[in-house]
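Some notes on the structure that comes next.
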Amino acid sequence: MDFGLSEDQLLLEQTVRGFLADQVAIERVRDQRQKAGSKSCPNDRAIWSQLAELGIAGIVVPEEQGGSGLGLLDAVIVSQALGHAVTPTPFLATAVMAPTALEAVGGKLAEDWLAGIASGELVVGVAVTELFSVREDAGVRLRPGRQDGKLDGKAIMALDAFGADRLLVALDATTLALVDASAPGLEKTRLLTVDATRCTAELSFDGVDPLAVFEGAGAAIARMLEAGRIALAADTLGACESMVEQAVAYAKDRKQFDRVIGSFQAVKHMCAEMIAEVEPARSLLWYAAHAFDGVPDESPWMSCHALAHIAEIGREIASVSTQVHGGIGWTDEQNLHFWFKRIANARHLLGGPELLRARAADLQGLVPAA
Amino acid sequence: MDFGLSEDQLLLEQTVRGFLADQVAIERVRDQRQKAGSKSCPNDRAIWSQLAELGIAGIVVPEEQGGSGLGLLDAVIVSQALGHAVTPTPFLATAVMAPTALEAVGGKLAEDWLAGIASGELVVGVAVTELFSVREDAGVRLRPGRQDGKLDGKAIMALDAFGADRLLVALDATTLALVDASAPGLEKTRLLTVDATRCTAELSFDGVDPLAVFEGAGAAIARMLEAGRIALAADTLGACESMVEQAVAYAKDRKQFDRVIGSFQAVKHMCAEMIAEVEPARSLLWYAAHAFDGVPDESPWMSCHALAHIAEIGREIASVSTQVHGGIGWTDEQNLHFWFKRIANARHLLGGPELLRARAADLQGLVPAA
Amino acid sequence: MDLEFDARYDAFREQVREFLAHNKPGGAIGMAEGRAEHRIQWLSLLIEHGYWARTIPKEYGGYGAEPDLLETVIMDEEFNKAGVPRGMMAQGPSMLVPTLLTHGSEEQRERWIAPTMRGEVMWCQGYSEPGSGSDLASLQTAAREDGDDFLINGQKIWTSGADQSDMCFILVRTEPDAKKHEGISYILLPMDTPGIEVQPLRTMSGDIGDNSFNQVLFSDVRVPKANVVGARGEGWKIANTTLKHERSSLNANAEGTWMRLARLMKKETINGVPAIASPVYRDRLMRLQARALSMKHHGMRMLTCNLKGESSGVAGLIVKLQNCQLSFDMSALAIDVMGELGALYDHTKYERERGYWQAHSMFSLGLIIGGGTAQIQKNIIAERGLGLPREPKPAKA
Amino acid sequence: MDLEFDARYDAFREQVREFLAHNKPGGAIGMAEGRAEHRIQWLSLLIEHGYWARTIPKEYGGYGAEPDLLETVIMDEEFNKAGVPRGMMAQGPSMLVPTLLTHGSEEQRERWIAPTMRGEVMWCQGYSEPGSGSDLASLQTAAREDGDDFLINGQKIWTSGADQSDMCFILVRTEPDAKKHEGISYILLPMDTPGIEVQPLRTMSGDIGDNSFNQVLFSDVRVPKANVVGARGEGWKIANTTLKHERSSLNANAEGTWMRLARLMKKETINGVPAIASPVYRDRLMRLQARALSMKHHGMRMLTCNLKGESSGVAGLIVKLQNCQLSFDMSALAIDVMGELGALYDHTKYERERGYWQAHSMFSLGLIIGGGTAQIQKNIIAERGLGLPREPKPAKA
C-alpha cells in the first residue's frame, strides 16, 4: 500500500544500472557506432547475452517459458536504465513488445518464441508503424486468396528488426503475422537515423511465407503498443535523467568568470527546471506501468500520455542540458549528443506527441462526433 | 526609404504620451473605475474631448470631414500610447473602427458621422463580435419583410457601445447597420469584465429602426476589422511596454538580500526575455499598419498575425512583470493589475489567438479542402 | 507499487461511506456557512471517527492511527464525492500543528493542538513584511525584552484571515545583534492583545475569490516569553521545517481542476460547436491532462514518503513550483475557450461559473509569487535538491 | 515608414535583374564549387557593379555608394530569386573588414580590405579557447614580446575554416600584468606561420551540414608587432565593436526557412493527409509565421538603423537571441511533421531534403550556444539594454 518502487524493484534498478555502468561505458557505445556503420545493426549482442543471463531478456516472459514473469513496471526500470546508459540493445521490441503480444495470442509457436527470447537466443523485431502512421504507401498485406497466404508490401521503421531472427508484423489493428527473418522474399534495409544507438529498418515483403497469422489479435496488438509506448517513455526518461545529471555535474565543475558556472542563477534555474520536469514524469511513468499491470481500463490512454508527455519534456531537456554544457556539449567528443539523439529519435517511433494526445482524447470519449 | 517612424510620427508619439502622462495619471484611472461602477461607462469623456482637440478623435477621418486624414500607423502610435497609460477612451471603436467603415461605405450620413467623430462630439460604438464568434445565440437580424426593416436580436461585447451616441452594427459579413443609440427598442447592458478601463456592452434590439442599412458592405466591414485588430494589438503592446518599464524600474529599486533585485540574474533574464518579445512585436505591428495603409493584399492576414502574436506575448509579459514585482505587484494598491487586466481582456475582443491564426492560414490558402 | 484495494480497504471504504451517509448534511452545511459552533461540532465528529487529525497522537486530541496511504486516498475520494470537507484548510492545522509536534514544548502541545484541530482556536501566520518578501529572513518586526515579556513593534503583510483569528504564530526579531538568520524567534500571540491593528489588504482580484488578506500593525504588543516555540533565536529554523513540509505536500487538486476544465469545454460552444471539438484546444487540454496526472501521481508518491517519514528529496522540492504554474495554465485555457466572455466578472450577465476561472487565474498567479516566488523555489531546488553552490556573497562595495 | 518603390527603384531593380540575367551562371557555379579563381572573379564583378562591398569607400576597393535600405532589399530579393550568392558569407568580410574600417591603421585598411572583399585572402577568427567560452575575456593564449615581434603560444577552438584560411584575426594576451579586459590585443596573423597546427573538431551533427570547425594550436608562433590592430591592450574593446554589430545584424532569413517549412507541410502526408491539414500542426506553423515575420520586419528596422548610422539600442541586442531560438523551433516543427521519418539521416532511404532539418536543428542549437550563449545574451540585454546593474563581484572566499 504505497506509491513507489518495491525493495525488489530498487534492487533490480541497482543491479541493471550497476551492470551497465561497469560494462557499457560510453566508449563502448562509440565503438558500437563505429562498428555498425550504416550497413549493420548497432545492437550490442554481447551485452544482450549478458543481460539475458541477468534475466532481463525474459523479464516479462512467463516463468513457464523460462522468463522472470515480472510486470511492466519492472521492465520500465530496465528500460530507464538502458536509456540512461544509451545502451544499444533490442530490449524494446524483443523483451517488451514481442512477449506482450506473444503471450496474448498464445499457442505452441508463441511459447517457443517466448522461451527463445528469455534465453537471449532469439532477437525478435517488431513492425507496427503503419498502425498509426502510414507514409510512402507502406503497409504489409496478405496476398489475397487463401488463409495464411503470402505477405506483400513494406513496413517502415520496424524496431530492432534489422538484426533480428524473427519478426512480428502487424498487418492491421487486429491481424498479427509471425515471420522468420530469413524467409525468402524478405529484404531488410537499415534506416539510419540520427540515433546511432537504436536499430530501425525497412522490411520489404515480396511473397513471403509467414510462420503464422493470427486474426482477431486486436487485444494482443493493442497491449503490445501500450507496453511499447510505456517502455519507450521510460527509455527517454532514463536518457533525460542522465542529461540532467551530466548538466549538474558539468555545472559544478566548469569555471567561467572565476566561479563554477553552477553558482550562476541562470544555470541553477536551468537545472532546477529540468529536474522539476523529470520528477513528476517519473511518477506518471510509474503509474502508467502500474495501470498496464493492474488497471487495464486506464492503460490505453495512460500509455499515450506517458509517452507524449515524456517526449515533450525530453526535447526540452535535451536542448537545455546541451546549453548548460555550452560549446563543449556540442562537440562529438563530449558524447552528450548520444543522449540528445536517442531522445530525438524516440520522439516519433511509436507515435509523436500530437498523434498520441489525439488518441488519448479519443480513447476517453473527448472527441465529439463531427 | 526606411523602416521606422517618421519625424512627424515621433512628434505625434511624444505629444500623445506627454499629454497622457500629464493628464491621466493612474489615480485618475482609479477614480474613473470608482465612478463608473458596473452601471455606467468607464470611458473618460473629459479626456476624450481634450484628445479630440489634439486631433486624435479624427486621426483617420479625412480632412474634408474635419479629421487629420492620417494613416493607420499614426492611429497605432496613439493606440499604443493609450494602452501604455491604460486610459479609458472610446478610441478603438470611435476613432479607428467606425471611421474606417464609414469612409468605405460613404454618402451623406456617413460623412455627417465622420465629422461628428472628428469633432469629438460623437462617440460611436461598434458591434462586430458575432462576425467571428457567436455565443448565447447572439446576432442582430433585419426583421424579414422589407428593406430597411427593423432590427431584432442581440449583440454581445459591443465595443465602446454603452456610453455611445451612435452604433455601427454588423448584421453579417456584408451588411452594416447604422443605429442611433437612443432609438426606441434598443437596450444597452454594461458587460463588466476584469478590465475596468474598457467599455463593453450587450445591445438588445427589439424592433429597432436603423438609420441606414448598407448591403454589399463586405469590404467596409473587413477593413474595419483589420484596422480594429491592428489598433487593439497596438493597445496591448503599449500596455506591455509599460509593464516592462515598470518591472525594470521596480527591479532597480527594490532590495532583497541586501541587493537590488535587478542585480539577480533570474530577474535580469525575466526582464531581458520580456523586452526581447516586445521589440520585434513592435516591428511587426508597424509593418501590419503599413500594410493596411499601403499593401492591402497582405493586410487581412497580417492584421490577424499582429493581434494574435501580441496577445500571446501580452499574456506572458503580464504574468512575468507581475512576478518581478513579487507580492506587491499582486496588490490592488500597486495598480499594476490595471495593465494586466487590460491585456487579458483585449486578448479575445476581436478574436482570440487560435481563431486569428486559423483565419490567417485560411486567408493565405494554407487550409486544404477536407 | 502497492495500490491494490484488498478486502480490508473495502471495509474501510464502506465504513467511510456509511459515516458520510449518516452525517453529510450537518457537516457540509456547518462548514460552508463558517459558523463556529457548526465547525467545531463537525471537526470533533471527524476526529472521533478518525477522518481528521487521524495520525495525531491521542494525548494531543487526535485519533492516533498509523499513517496509511490508501486509507488517506479512500477518505479523500469519498469525501470529495460527497462534496463534504474532510477537516479544515487553515493555517493552524496545516502549519502550526506540525511545528508544535516537532518543536513545541509538552505544555504547548497539550494546550494548543487539540483546540486547533477542533477549530476552536483559529490561527493566522505572521511571516512576510513589506520589506521582507523573498528575503524573509531580513524581517524587521522587533520583540524587545521587558521583564518576562516581549514588546512587539512592526508590521506584517499577507496575513490571511487575521481579522478572524484568535491567535497568530509570528516570526519576530528577538536578538537584534545576532546574524540575520539567528536572531529570529517563533512566538504564539493572542490576536486580542492590545496594540494590534488589522487592516484589510485588497489584491488584484478585488473582492472576488480571495482569501481575505491583511496587513497587521504591532505597537508595543506584550507577549510572555513563555510563548516562544523552541529556543529563542531558532525561529528561522523552526519555520523552515514547516515550509519544507508545505512545499512537498501542497495539494493543488490538479485533477479536480482539470475535470472542471474538461466539463467547461464540453459545454461552452463557439459558433455552435463545443470548444472540445476544436483540435487545437483539445490538444492543449490533453497536454494539461498529462501534467495534471503527473502531479496527481507525484502527490501520491510524496504522500507515501511523508507517511513513511522518508525524505522525498528533490522530488518534494519541486511540487509547489509545478503545481502553481499548472494551475495558472489550466485557468488560461479555460479563459481562452470562453473567448470574449472569458473576461466577464463580478456577477455580470453571461459570466461563466461566477467568474471562477478569472479568480482562479489571478489566485494562481498569487500562489506562484506567494510563499517564495518561483525564482526562490528554483534556487532552493538547485541548491538543496541538486547540490549546486549558493551564490557567492557580494564583495563590499 | 517609407517603403514605396518609386521609379528610381524600379530602374535599379531592372538593372540588377539585367546583371543577373547576363552573369548568373558563372557566378553561381563558381561560388558553389568554392574554387578560388571563380570566387575572386565573381566577387570582383559584383564589386564593380556595386552589389558587394557597396558602401565600402573606393580607396579601399569598395564601390563607395551611400547606404540605402530599399536598394539593399532589392538586391537581396533579386539575388535570392536568382539563387545566386550576393557576395560571400565569411568571417573576413563580416567581421574583420568592419573592424579595420573602425580601428585599423591606414596601412592595414589599404593592405587588407580590398583583397578580403574580393575573396583573395580568406580569414578565420581566433577568439574562443577551451577554457574561455562565455567568459571570453579570460582567454589565456599568450603573446610574449620578442624584439619587434610577438611569440604566440596557446590554443583556440571553434575556429571555423581554419584549414582553408590564409589569415587569422586573433585575440591574444599581450599584457599579462594588466587587468583581464585590458591585457588583450587584436592581431592579424598569417596562417602559414611556422608553429601553427590545425586540428579538425567534430561536432554533434557529425560531418553533415556543419561548417568545418577546428582547434588551432600555437607554439612559438612569430608575428610582427606591427600586425596589432588599434593599440596594444585594446583588443577586447575592438572585438566587441564587431560582436555588437554582428548581434544586431544577424540575418537568419527566418522567412525563407518558414517558407521551406510550409512547403514541407504541404508535401508531407500522414495517413494520406497532408500535414498542413492538421489544425494542430497548422496552428504551430502560424505561430512560427508570426515570429518569422516579426524578425523579418525587425531586421528591416535594424538595417535602417545601421544604414543611417543610428544606434538600435536594446532592439538590436535581442536579435541573435530571438533568431536562433526561432530557427531551432522551426526545425522542430519540421521534424515533427515528418514523424518517424524525421530522424532519418546520412543519405538513408526515405530521408527528406537530405537531412536538412536535422542538420538545421543541431546547427541552430549550436548558434544558440555559440558567440555568447543565450544566457550571456540575456545578461547583455538586461545590463546594456535595460540598464540593470551588473552582478556584484563575489567577495574573496
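Since the model is a prediction, treat every value here as computed from it, not as a measurement.
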Original post:
Salt bridge check: are E226(B) and R229(B) linked by an N-O gap of less than 4.0 Å?
Top reply: no
**OP:** May I ask you to check whether F363(D) and H360(D) place their ring centres under 6.0 Å from each other?
**Re:** no
Original post:
If contact means a heavy atom pair closer than 4.5 Å, which residues of residues 279-288 of chain D contact chain B?
Top reply: R282(D), D283(D), M286(D), R287(D)
Original post:
With a 3.5 Å cut-off and no angle check, do the side chains of S242(B) and E245(B) form a donor-acceptor pair?
Top reply: no
Original post:
Do the rings of Y51(D) and F19(D) sit parallel, tilted or perpendicular, given the 30° and 60° boundaries?
Top reply: perpendicular
**OP:** Against chain B, label E71(D) side chain, backbone, both or neither, depending on which of its atoms sit under 4.5 Å from a heavy atom there.
**Re:** neither
Subject >> Side chain, backbone, both or neither of L73(B) within contact of chain D (heavy atoms, under 4.5 Å) >> reply: side chain
Subject >> Heavy-atom closest contact (M295(D) atom, V319(D) atom, distance) >> reply: CE-O, 4.0 Å
Subject >> Rounded distance (nearest 0.5 Å) linking atom OG of S299(B) with atom OH of Y287(B) >> reply: 10.0 Å
**OP:** Let me know if A360(B) has heavy atoms under 4.5 Å from chain D in its side chain, its backbone, both or neither.
**Re:** both
**OP:** Name the option with the most non-hydrogen atom pairs under 4.5 Å to chain B; the candidates are A374(D), A382(D), A262(D), A290(D).
**Re:** A290(D)
Original post:
How long is the gap from CD1 on I328(B) to OH on Y250(B), to the nearest 0.5 Å?
Top reply: 5.0 Å
Original post:
Using a distance-only test with no angle check, is there a side-chain donor-acceptor pair under 3.5 angstrom linking H84(B) and D235(B)?
Top reply: no
Original post:
What part of E391(D) is in contact with chain B, defined as an atom under 4.5 angstrom from a non-hydrogen atom: side chain, backbone, both or neither?
Top reply: both
**OP:** Examine the side chains of E279(B) and H298(D) and answer whether a donor and an acceptor come within less than 3.5 Å of each other.
**Re:** no
**OP:** Sort L293(D) into side chain, backbone, both or neither according to what part of it lies under 4.5 angstrom from a heavy atom of chain B.
**Re:** both
**OP:** Could you tell me whether E353(D) and R263(D) have a side-chain N and a carboxylate O separated by less than 4.0 Å?
**Re:** no
**OP:** Name the member of M302(B), E273(B), M270(B), E354(B) that forms the most heavy-atom pairs with chain D at distances under 4.5 Å.
**Re:** E273(B)
Subject >> K296(D) versus chain B, the contacting section by heavy-atom distance below 4.5 Å >> reply: neither
Subject >> Which of K266(D), M265(D), K308(D) touches chain B most, by non-hydrogen pairs under 4.5 Å >> reply: K308(D)
**OP:** Identify whether the distance between the nearest side-chain nitrogen and carboxylate oxygen of E103(B) and R223(B) falls below 4.0 Å.
**Re:** no
Subject >> Portion of V260(B) that has a non-hydrogen atom of chain D nearer than 4.5 angstrom >> reply: side chain
